[in-house]
Structures are given as structure tokens and as C-alpha cells.
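Read the structure below first, then the notes.
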Protein chains: 2
Amino acid sequence: MSNAFVRHLSGYGHLDDTEKALLAGACRNLRELPAGAHLIREGDEPDPVFVILEGWACGYKILPDGGRQIISFMLPGDFCDIHIAILQAIDHSIMTLTKATVASLPRAEMEALIQARPMLTQAFWWSQLVDQSISRSWIVSMGRRKSVERVAHLMCELYIRMRNIGLASDHECRMPLTQLVLADALGLTPVHVNRVLRSLKAAKVMELSHGSLQILEPEKLAQIAGFDGNYLHERVHGFV
Amino acid sequence: MSNAFVRHLSGYGHLDDTEKALLAGACRNLRELPAGAHLIREGDEPDPVFVILEGWACGYKILPDGGRQIISFMLPGDFCDIHIAILQAIDHSIMTLTKATVASLPRAEMEALIQARPMLTQAFWWSQLVDQSISRSWIVSMGRRKSVERVAHLMCELYIRMRNIGLASDHECRMPLTQLVLADALGLTPVHVNRVLRSLKAAKVMELSHGSLQILEPEKLAQIAGFDGNYLHERVHGFV
DNA sequence: CGCTAGCTTGACAGCCATCAATTGGTGTGG
DNA sequence: CCACACCAATTGATGGCTGTCAAGCTAGCG
């Protein structure tokens with residue numbers, strides 16, 4: 001009766017059992033996808049709304065010169081651009097980073113839910129606003145943080161997001177990102193990401209290997225990153 | 001009976017006269033602000049929704065080290081973060097860049113409009129989605145474009161946005177941004193922005209001086225920028 | 001046991017930051 | 001009308017962070 005999606009939205013508003021059941025029921029159309037599968041490609045006409053139930057995905061854009069910039073990470077429970085359906089064409093692509101199970105909610109059903117349940121509407125809004133807030137925070141990172149700070153900041157963000165959906169504890173969590181993916185997300189080169197990661201490991205601040213993150217010195221990491229989690233607008237705060 | 005705000009939203013949905021009148025009527029609470037005035041400061045509790053009727057504003061965040069990163073430009077007709085009211089605290093600041101007149105719509109009135117008029121709801125959504133799309137595009141610029149490309153891309157974006165609200169023509173428009181402001185928006189230093197601007201001028205591609213932009217070779221500028229205006233999701237397309 | 005994707009390391013180069021100083025334009029006060 | 005302050009724009013010199021190129025290395029996997 002509950003899944004990652006329901007739990008995630010519950011964090012954004014006080015949903016009653018009926019609403020939780022409605023959400024869970026909307027997730028009946030499931031797909032198992034391998035890593036590297038596309039949910040949406042740039043230029044597609046939008047129709048269903050996708051929700052990640054298990055696994056990770058990312059949104060990205062390709063530049064004329066072939067370069068790739070990742071613009072968002074999607075974790076279990078996350079929408080893939082709710083309400084993007086209103087626009088005429090998708091302006092970026094979304095692909096899985098791991099094996100993933102994805103629910104596709106028909107647009108009509110989403111709209112019915114919004115009509116029927118104000119509390120769900122609010123939870124959806126909240127979710128979208130948090131996404132927007134994360135985007136803004138990425139702009140700040142890309143514009144004004146150096147490579148070490150940028151890496152540290154992203155690790156803080158992802159750790160907190162994982163913890164908030166119950167997938168992290170003890171400053172440790174799964175982090176299935178190759179250095180190439182990290183580079184494309186951070187606006188760096190894989191080579192440089194590697195160097196930064198090694199330096200953080202050498203300093204015994206954090207370690208990223210075999211697809212999992214271990215934060216050895218949370219306070220130090222947050223300080224390096226200049227991390228202030230407010231932008232995640234979570235009800236539960238705190239990092240250390 | 002019409003203002004920049006109404007015209008802007010009309011571009012996002014087919015509003016009838018009643019709806020236009022409702023919007024115009026909502027903008028009765030006006031304020032004249034000088035350049036450099038704050039509409040919202042980080043940490044504020046959100047209440048009214050602000051709309052820029054004349055002049056420019058920008059959203060920004062300050063980093064621990066005192067650096068500033070501008071995360072959005074707001075032009076006449078733009079919302080200042082519609083629906084941010086749902087969150088508990090604002091996570092960034094908004095200030096005017098020029099003398100500006102700003103309308104503040106009480107939150108209750110906004111919600112009443114949404115309840116009463118589905119077409120307005122859709123126009124609001126659209127507007128917010130376009131903002132989000134612009135944020136994503138900024139991430140791409142910051143991450144993967146070099147300084148000249150970044151400057152060129154921003155100029156393309158702002159020119160198109162100005163044109164779409166009827167404030168530009170003949171590849172010329174007002175652009176009241178100091179090189180320091182540009183630097184804070186682009187993640188560069190003022191010194192480097194200056195050099196880039198001079199090189200673009202020397203190449204006779206565009207010229208930015210005395211607060212106005214002149215695009216001498218639109219095609220070349222778009223090519224340098226790798227500009228594809230789709231992300232602005234405008235009904236009227238085309239740059240050249 | 002070989003293959004392949006991802007990780008690691010070194011050398012070198014270049015873009016952009018930093019520091020410093022000058023110019024120009026505008027508003028203010030004498 | 002001029003002196004002055006102040007902000008924005010400009011230019012040069014220098015350095016460092018990060019990109020680029022190239023080559024091994026490791027580990028998982030068929």
C-alpha cells in the first residue's frame with residue numbers, strides 16, 4: 001500500500017490514508033528498465049508522468065559539440081518533471097543510471113487526482129518547487145564553487161536526499177555514479193573528478209568507491225562544500 | 001486594461017477578456033522602487049506574489065565567502081517566483097536592477113484566481129515551467145560553455161525574452177546590466193566579462209554599451225552561443 | 001583467461017582569476 | 001564652474017585551476 005513515491009510525497013504534506021492509497025494505486029503501470037535506458041528524449045511530445053520507484057535516473061542536455069551536461073538526478077520517489085506535460089515539447093532527455101523500476105501515470109489520472117485532492121496538489125507543487133530550488137543551487141555551484149567544493153556539495157545534497165527517503169544512514173549510502181557521470185553533472189572532466197575524489201579520500205573526508213559513498217568527516221565535508229541544506233526544504237533538517 | 005503582466009501571460013494561453021481583466025485588476029497594489037532595492041531576502045517568510053511591471057530585477061544567492069551568484073533575471077511581466085509561497089522560507093534574495101514598478105498580489109487573491117479560472121492556472125503553470133527550463137539552460141551554460149559562448153548565450157536569451165514582450169526589435173534592446181552583474185550571473189569575473197565583451201565588439205558581432213544591446217550579426221552570435229531557443233517555449237520562434 | 005568499462009596517473013597547455021593601475025562618466029558639494 | 005568622490009569600464013602582467021592528451025591499471029565478467 002506504500003512505495004517510494006508515496007513516502008516521498010508524504011514528506012511534503014500530511015496525506016491521509018485515502019490519498020496514500022490513491023497515489024499507490026496510480027503506480028500500477030510499472031516498467032523494469034536496465035541502466036542507460038531512455039525515459040524521455042529531447043523533442044518528444046510529453047504524455048505520461050514518470051515516477052522512479054527504484055534506482056536512479058538523470059536528466060541531461062547535449063550540446064552542439066557533443067558535450068553532455070547533466071541537469072538533475074532523480075532518486076527513488078522522484079517525479080520526472082511533473083507537469084512538463086503542459087509544454088509542447090520536452091527540452092531535455094532523461095535516462096536511467098541504474099537498473100530501475102519506473103511507474104508511468106497517465107496524464108489524465110494525474111489531473112483527476114489534482115482535481116479531487118487539494119492536499120495532493122500541494123504535495124505536487126512542493127515537490128516541483130524543491131526541484132526548482134535544487135536547480136538554482138546547482139547554478140550557484142557551477143558558477144561560484146571550485147571543483148573540490150562542487151564535488152563536496154553534490155555529495156552532501158545526494159546524501160541528504162537519500163537519507164530523507166530512508167536510503168542512507170550512518171553517513172553512508174549507495175551512490176551509483178561513475179566518475180564520468182559526475183563529471184558531466186559538475187561541469188568538470190572525468191580526469192579532474194578523479195583527482196578531486198582522491199584528494200578527498202586522502203584527506204579522510206569522504207570516500208566514493210564501488211558505487212557507494214562514505215562520509216568520514218561530515219562537518220568537514222559540509223564546510224568544504226559551503227553546504228546549507230535549507231534549499232532542500234525538508235521538514236527534517238541537519239546534516240551532521 | 002492591460003499591462004506587461006497580462007501581455008506576458010497571454011502568450012502562454014488564450015485568455016479571454018474576463019481573465020485579462022481579472023489579472024489587470026489584481027495588479028492594483030503598486031510600488032515604485034529604485035535600483036538596488038530588495039523585494040525578498042533569503043530567509044523571509046513568503047507571502048505576497050510579486051510581479052515586475054516595469055524595469056528589471058534579479059534573483060541571487062550569497063556564498064559563505066561573500067561571493068554572489070545571480071540565478072535569474074526578471075523582466076517586465078515576469079513573476080518573482082510564483083507559488084514560492086508554498087514553501088516555508090525563501091532560499092534566495094530578489095533585488096531590482098533598475099528603477100522598477102512592482103505589483104504585489106496577495107496570496108489569497110492568487111489562489112482565488114486559480115480556483116476560478118482553469119485557463120489562468122494553466123498560464124501560471126506554463127510560466128513556472130518556462131522559468132524552470134531557463135534554469136536548466138543556465139546550468140548547461142555554466143557547466144559546458146566557455147566564457148564567450150556563455151556571454152553570447154545569455155545575450156540571445158535576454159534579447160528573445162525582450163522581443164517576446166515587445167521591448168526589442170531590429171536586434172536591439174535595452175540591457176541595463178553592468179559588467180559586474182553580468183559576471184555574477186555568468187560565473188565569471190568582471191575583468192573577464194569585459195575582455196569578452198570587447199572581443200565580441202571587435203569582431204563586430206554584438207555591442208553592449210550604455211545599457212543597451214545591439215546585435216550586429218545575429219546568426220554569428222547564435223552560432224557562437226550554440227543557441228537553440230526551444231527552451232524558452234515561446235509560441236513565436238526564430239532568432240534571426 | 002582475455003575483454004572492456006571504469007579508474008588512475010603524469011606531463012603539459014590554456015582559459016580564466018587575481019592583482020594592480022588607469023581612464024571615463026556621473027553626481028555632489030563647494 | 002570646478003574639485004572631488006565614486007562607480008563602471010578598461011588594460012596589462014602573472015599565476016593557478018582545470019582541461020587535454022596519453023598511457024597504464026584494475027576489476028568485473030563472459
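In what follows, chains are A, B, ... by sequence order, proteins preceding strands, each numbered from 1.
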Interface limits on DNA chain C, where chain A has a heavy atom under 4.0 Å of a nucleotide atom: C:dC7 to C:dA11
Does A:Ser93 use its side chain to pair, donor to acceptor, with the backbone of A:Glu42 at less than 3.5 Å? yes
Non-hydrogen side-chain atoms of B:Phe227 and B:Leu221 separated by less than 4.5 Å: no
Applying a 4.0 Å non-hydrogen cut-off, can you work out what B:Gly211 is touching in the nucleic acid: base, sugar-phosphate, or nothing? nothing
Please give the angle, rounded to 10 degrees, between the axes at the start and the end of the helix from C:dC1-D:dG30 to C:dG30-D:dC1, where five pairs define each axis. 30°
Got a donor-acceptor contact below 3.5 angstrom from the B:Thr101 side chain to the B:Glu32 backbone? no
Selection: residues 188-197 of chain A, any non-hydrogen atom under 4.0 Å of DNA chain C: A:Val191, A:Asn194, A:Arg195
Of B:Leu177 and B:Lys146, the one whose closest DNA chain D nucleotide lies more 5': B:Leu177
Quick check: do A:Gln132 and A:Leu129 have side-chain heavy atoms less than 4.5 Å from each other? yes
Residue pairs involving residues 57-73 of chain A (criterion salt bridge (Lys or Arg N to Asp or Glu O under 4.0 Å); sequence neighbours excluded): A:Arg68-A:Asp184
N/O donor-acceptor pair under 3.5 Å between A:Arg150 side chain and A:Leu186 backbone: yes
Any donor-acceptor N/O pair, A:Gln69 side chain to A:Ala185 backbone, under 3.5 Å: yes
Centroid-to-centroid, A:His153 to A:Tyr231, below 6.0 Å? yes
Which is more 5' along DNA chain C, the nucleotide nearest A:Thr178 or the one nearest A:Arg144? Just name the residue. A:Thr178
Contacted region of DNA chain D by chain A, from 5' end to 3' end of the hits, cut-off under 4.0 Å to heavy atoms, spans D:dT18 to D:dC21
Within-4.5 Å side-chain heavy-atom neighbours: A:Ile215 and A:Leu213: yes
Does A:Thr96 reach the main-chain N or O of A:Lys99 with its side chain, forming a donor-acceptor pair under 3.5 Å? no
Given side chains that start at C-beta, do those of B:Leu208 and B:Leu182 come closer than 4.5 Å, heavy atoms only? yes
Is there a side-chain contact between A:Gln128 and A:Phe79, using heavy atoms and a 4.5 Å cut-off? no
With sequence neighbours left out, what residues match A:Ser137 under side-chain hydrogen bond (donor to acceptor under 3.5 Å, both in side chains)? none
